[in-house]
Amino acid sequence: MSGISIAIIGAALCAALAGCGSAIGVMAAGKAAAGVASEKPELFGKLLVLQALPGTQGIYGFLTAILIMVRIGVLGGAAVELSISQGWQFFGAAMPMAIAGLVSGICQGKAAVGAIHMTGKQPDASGKGITMTALVETYAILALLASILVLFGIQL
Amino acid sequence: MIVPMKFVTLVLMRDDREAVLRALQKTGSMMLCEQEGAVRAGTENTAALRRMEKLLSDLKPYAPKAGMFAQKPQVDTAALETPRTDDTETAEQMEKLLARIEKIKERLKQVSDRQTALFPWARLSASSADLEDGAYTSYTLGTVPAKQFAAFSAYCTENGAALETVSETEQTVYVVLAVLKEASLQDLAEYGFQKYTLPPFDGTVETGLRNIADEQNRLQTELDEATAQLQKYTAESLAPQVLCEHYRAESDIEDTPFLSTEQTVLFSGWVPEKRVAEVEQAVQSVTDVYDLIARDPEENEDVPTELENKKLVSQFEGITNMFSVPTYGGYDPNAVMAPWYWIIFGLMMGDAGYGLMMVILIAIVKKIMKPKGDTKKLINVLLYSSITTILCGVLFGSYFGETWHPILFSPLENPVQMLIVTLGVGVAHIFTGLFVQIVNHIKAGHWLDAICDQVSWILVISGICLIFVKPARTVGMVLAIVGAVIILLTAGRAKKGIFGKITGGLVGLYGITNYLSDILSYSRILALSLATGVVGMVMNMLAGMIQSSVIGFILSLVIYVVGHVFNLVLGLLSAYVHDCRLQYIEFYGKFYEGSGKLFKPLSINPKYIQIQENGGN
């Protein structure tokens, strides 16, 4: 396998796994939000914000994938010759975001479900619910940061 | 700043109670409070309010669709105070129409049930009178499963019963059975025969069905008429909304607790010191026979908090209140929090193009929707933050995701440098929190606490930061060690016994991990600003790829618009949420608790309409 294939697999995993995490998270939150909205349709705006929160992991994964592809020249520009070792380096750079994105997306979805139920009972507490849900995202952000720093640290 | 409050007690003649409360409601300056043995005037208006709320929710399917940016209709206060009689009539008419529509729908359902029951028998030529039992025979209508029909029909002929098939479907055969009275057909049920009772009809089934169709048409026209009339009412009249708000205001008055004797009533509540005169004026406008006593709050009293800040700062109050309302007599953190929120928001968005888009979009929203209250404040926060967003965009050279002549450097090309900047912002932010706590301690006379708990940490953190700067390395080390020693020696000072003091010191020093994770938490600023920039860049790239033909060029414009708006909305949500988090956990964690409750005066708070600013008086 050539270096570039390994790097592309890394980028693909990053977008795919983080995307799956967000999809599951947003789905769980969406189901809860739909339930609450059926009783209290006027809360739709607040619920939508809460439902959107677990969606960021997918964006971060996508972003990391794009950055990898730009770096290895697959997107815009000529492809760089990569050694097998460099390929694995890119693969490694993708992993924090891929794995943490998958898991934190699902977990943040669960936290969002709780916050949505709370908003259903106490609409004024939605701000607190947003904060609680956002705490989970910290780890996705740290993973994104790790991925980006490793990515830019790789010598070509 | 937290506004000083007075506890006001009002004694009035019983007859003046409502008029005075109404005047107070208009000024919106007094928050009435519960007292021991207090009574309430009644629940009539609350019941009327519920009735109107129900009417409004029932009317929803008939009301014209309000646009997304539609404003609430404006009504002046006079109309709210005394509802016009024709408004009451209109509301009653609406209720009647709704009831009528409900009735017609029920009738329609009954009729259509009858139709379904009669339909299989349409070809039955006999009238209902023909089917009555004769002298020797009796008639039975029923169904037989198609599979068992052959066996059933054989059984019937054997036992001397005549059978007529009226209609059949794939599963079921509908039959009329004529049986001699003396013949016994015990085993009909074994063949799956089920008796069928026809709903009442005149003449033959066919005419019955025709009558039903006629009735359906008649009911449908009636329904259409009633619906059209209701739609016309809802489109033209604001009666239910106005009445609803009238009863809401009245039920707030009705729900105020008061003590009473035969002739007088007494009620009390909190009034901001500056507005006591306003309250007295409101009372005077109604009556001369009154007594008003204002006193300062006593210790341990649960005083509500009213915040008063400069206009710029006051827009950020909602963010603090979402976390926790400052306690009365406590510290209002808004003035220190606001500039930090403003700067960090800009760093997180960090794109001049998006900043411009924010200004334009917010200007449009403010123009069309004219938001009020908390929403208005939040929108203003975003508007102010668009300034820092543009500034950061220019400093770091980011324009709609494209890098162009950065004044400092581009975060995308130099992420490590940007990381250092964000951590620097974090240290400065946390130090601000610590300084505020030092000032609070000193004001309270707790010098020792200020030095042991805050100054020591400032020394440790600034020392560690200096270690990374080559020329100041030794200075940094000294500072860090001095700070650490202070913590080690004093963190356990509240504990009893020498053992407790030593472990307390060690545990205190372990707090360094908290500070470290707090500071590292600010790296999210870098991650979010990169996220905004890179997604924008991707949109540009996608659009750029298809620009080779004319159609492609037009499509690329769509990608530009949709992509950047999507990215902007997402970026705003993230920046808002994570900026709040940095304030709540990293910043407020250092000095602010606050567990007060907001000052919510008796006032007019309409939900469905807006009070005309210059209307009424």
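This structure is a prediction, so every number in the text was calculated from the model and none was measured. Just so it is clear, the values below take in all heavy atoms, side chains as well, and ignore hydrogens, waters and symmetry mates. Throughout, protein chains are lettered first and strands after them, A, B, ... in sequence-line order, and every chain is numbered starting at 1.
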What part of A/Leu135 is in contact with chain B, defined as an atom under 4.5 angstrom from a non-hydrogen atom: side chain, backbone, both or neither? both

B/Leu412 portion near chain A, given a 4.5 angstrom heavy-atom threshold: both

Polar side chain donor-acceptor pair, B/Ser529 to B/Thr532, under 3.5 angstrom: no

Does the side chain of B/Glu53 pick up a donor-acceptor pair with the side chain of B/Tyr608 at under 3.5 Å? yes

Proximal component of A/Thr138, with respect to chain B [non-hydrogen, under 4.5 Å]: both

Sole residue of A/Leu149, A/Leu67, A/Thr56, A/Leu63 in side chain to side chain contact (heavy atoms under 4.5 Å, CB included) with A/Leu144: A/Leu63

Please classify the contact between B/Ser574 and chain A as side chain, backbone, both or neither, with a heavy-atom cut-off of under 4.5 Å. side chain

Do B/Asn540 and B/Tyr560 touch side chain to side chain, with heavy atoms closer than 4.5 Å? yes

